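Structure first, then comments.
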Amino acid sequence: MRPTPTRNRTRSRRALLCAALLALTVQTAAAPALASRSQGPGGQDGPGGPGGRDCVRTERPLDGKARRILDITRKAKSDLKLNSVELRVTIDGREVLTDALGESMTGVPAEPDMHFRAGSVAFAHIGTALLQLVEEGKVDLDDTVEQWLPTVPQANRITLRMLASNTTGLHDYVTDPAFVTELEAHPFRQWTPAQLLAYPYSHSFWYEPGKSWSYSHANYVLLVAALEKITGIRIDRLVRERVTGPLGMRDTRNNFTPDIPRRVLHAFTSDRGFYEESTFWNPSWTTAPGAVITTHICDLATSARAIGSGELLSHRSYRTLLNPGTVGLGGASATCPASICLKQTEAKHFGLGVIVVNGWVLQNPSFSGYAAIQAYLPSKRLAIAVSATKTATTPDGNMAEVVAQRIAAALAPNDPLAIT
């Protein structure tokens, strides 16, 4: 029997909050034989990075560190009752372990080269592309958006920096009860930016732009629109030219439809009160058209390392990526509760499209049955990428984070990946 609508809405809101809030979002059944990875000198990923059929399990036998990580992951998969876990760990750019456990769907083993939805990872790429444009003098972070988006409320006070760092004060449509109800009822609906923005525009601002911090997907819908006006280039092409292309992330791409490139890691969820497949639910609500991405675990690890180390940025821009002025913002006020205007501290804060937690630089998408995390610890040049899918008894929340936390505790015990 299907649970009552009230229970459904509660479960759905809880699941959507995983994607929205900073916690300080038919293939063949035959499994390919293990193969050696194509590598460059010294065992590092070769030119162009890992991709496609090159994203395979680490060749056996495993060394001690890889076996330890695999044991941790197997236990986490069992403890958390996960359907699948995919992971890749690198140190100083060198592979420690790449593997996939469990099933994509019944009878189909999970494989490292299977594609999954990566949600807010796109925000890290967009933030990096924005900083590159600043370096080139094409735009200033403190330019207001009225020249490109004149119809946006308070456009003469909202800056590019505020959009990228979530300091505009705009409500988040993903936590709007009216939006949640509509999304739950119609998970295959195709959303337009105007339809999404209508929800935050129907509310007053939480605070004056730039005066506090609160997460809102609306900020990145608007930032994408501004970047397309500034450059005259569609956002998927802009990010490919500036970020994923130079990094050799051949299997990370935008999708304008709910399709996912083959091979597909299938997803399942109980968001609507009963366990069902959610692989091809329409992700158009997650951000602007052109920035709705899929990836695989090898590309996700490449993204973790490159974004987390500032590989594509100057040292000055990298510092801005890690703290664009958010530290010290947030906290309860007369107009914004502490649960919305989360306090931004040196230890845990939002950067320019990334989250910084105890020195780790990360993004942690979780929605529609997909959960993932890319995390990089600059002090140890340690990159961890994890993707996880659910069974009917998996706990609520982003369980990829939990797997990554356990791996991090083993490899960097003095630098906890304490997201929650």
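In this text the structure is predicted, and so the values were computed from the model without any measurement.
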I'd like to know if the side chain of [X] and the backbone of [Y] have a donor-acceptor N/O pair within less than 3.5 Å.
X: Asp92; Y: Arg381; result: no
X: Thr326; Y: Asn323; result: no
X: Lys229; Y: Trp148; result: yes
X: His115; Y: Val264; result: no
X: Asp63; Y: Ala66; result: yes
X: Thr389; Y: Tyr370; result: no
X: Glu276; Y: Ser270; result: no
X: Asp99; Y: Leu70; result: no
X: His186; Y: Glu182; result: no
X: Glu228; Y: Ile235; result: yes

Would you please name every residue forming a side-chain contact (heavy atoms from CB on, under 4.5 Å) with [X], sequence neighbours left out?
X: Thr192; result: Ala194, Gln195
X: Ala410; result: Arg68, Ile72
X: Thr73; result: Ile69, Val85, Leu87, Leu101, Val403, Ile407
X: Asn282; result: Gln190, Pro258, Ser284

Do we see a donor-acceptor contact under 3.5 Å between the side chains of [X] and [Y]?
X: Gln374; Y: Ser303; result: yes
X: Thr252; Y: Asp299; result: yes
X: Ser309; Y: Glu311; result: no
X: Glu135; Y: Ser314; result: yes
X: Thr98; Y: Glu95; result: yes
X: Asn83; Y: Thr391; result: no

Can you check whether Phe367 and Trp285 have ring centres sitting under 6.0 Å from each other?
-> yes
Quick one: side chain to side chain donor-acceptor pair (under 3.5 Å) pairs with a partner in residues 203-212, sequence neighbours left out?
-> Arg157-Glu208, Asp176-His203, Tyr207-Ser214
Please determine if [X] and [Y] form a salt bridge, counting it only when a charged side-chain N lies under 4.0 Å from a carboxylate O.
X: Arg237; Y: Glu241; result: no
X: Glu401; Y: Arg406; result: no
X: Asp251; Y: Arg253; result: yes
X: Arg262; Y: Asp259; result: yes

Counterpart residues, ring-ring contact (aromatic ring centres under 6.0 Å, His included), relative to [X] (two or more places apart):
X: Tyr318; value: none
X: Trp360; value: none
X: Phe205; value: none

Pairs meeting criterion disulfide bond (SG atoms under 2.5 Å apart) with involvement of residues 311-373, two or more places apart | Cys336-Cys341
Salt bridge (Lys or Arg N to Asp or Glu O under 4.0 Å) with Asp236: which residues, sequence neighbours excluded?
-> Arg234
Plane angle bin for [Y] and [X] - parallel if under 30°, tilted between 30 and 60°, otherwise perpendicular:
X: Phe179; Y: Trp191; result: tilted
X: Phe350; Y: Trp213; result: tilted
X: Phe123; Y: Tyr220; result: parallel

If you look only at pairs with a residue in residues 222-263, which of them pass as a ring pair (Phe, Tyr, Trp, His ring centres under 6.0 Å), with sequence neighbours excluded?
-> none
Would you name the heavy atoms of [X] and [Y] that are closest together and state the gap between them?
X: Leu265; Y: Ser387; answer: CD2-OG, 3.7 Å
X: Thr295; Y: Ala118; answer: CG2-CB, 3.7 Å
X: Thr294; Y: Pro261; answer: OG1-CD, 3.4 Å

Apply side-chain hydrogen bond (donor to acceptor under 3.5 Å, both in side chains) to the pair Asp271 and Thr269, showing each step before the final yes or no.
-> CA-CA 6 Å; Asp271 284 359; Thr269 185; 2.8 Å; yes
Does the side-chain hydrogen bond (donor to acceptor under 3.5 Å, both in side chains) test come out yes or no for Asn219 and Thr168, once each step is laid out?
-> CA-CA 7 Å; Asn219 290 323; Thr168 63; 2.7 Å; yes
Quick note, salt bridge (charged side-chain N to carboxylate O under 4.0 Å, His left out) partners involving residues 315-334, not counting sequence neighbours, are none
Run the side-chain hydrogen bond (donor to acceptor under 3.5 Å, both in side chains) check on Asn364 and Asn398 step by step: do they pass?
-> CA-CA 8 Å; Asn364 55 346; Asn398 186 333; 5.6 Å; no
Qualifying residue for side-chain hydrogen bond (donor to acceptor under 3.5 Å, both in side chains) with Glu111, from Arg57, His296, Arg263 | Arg57
Side-chain touch Asp113/Asp54, heavy atoms, less than 4.5 angstrom = no
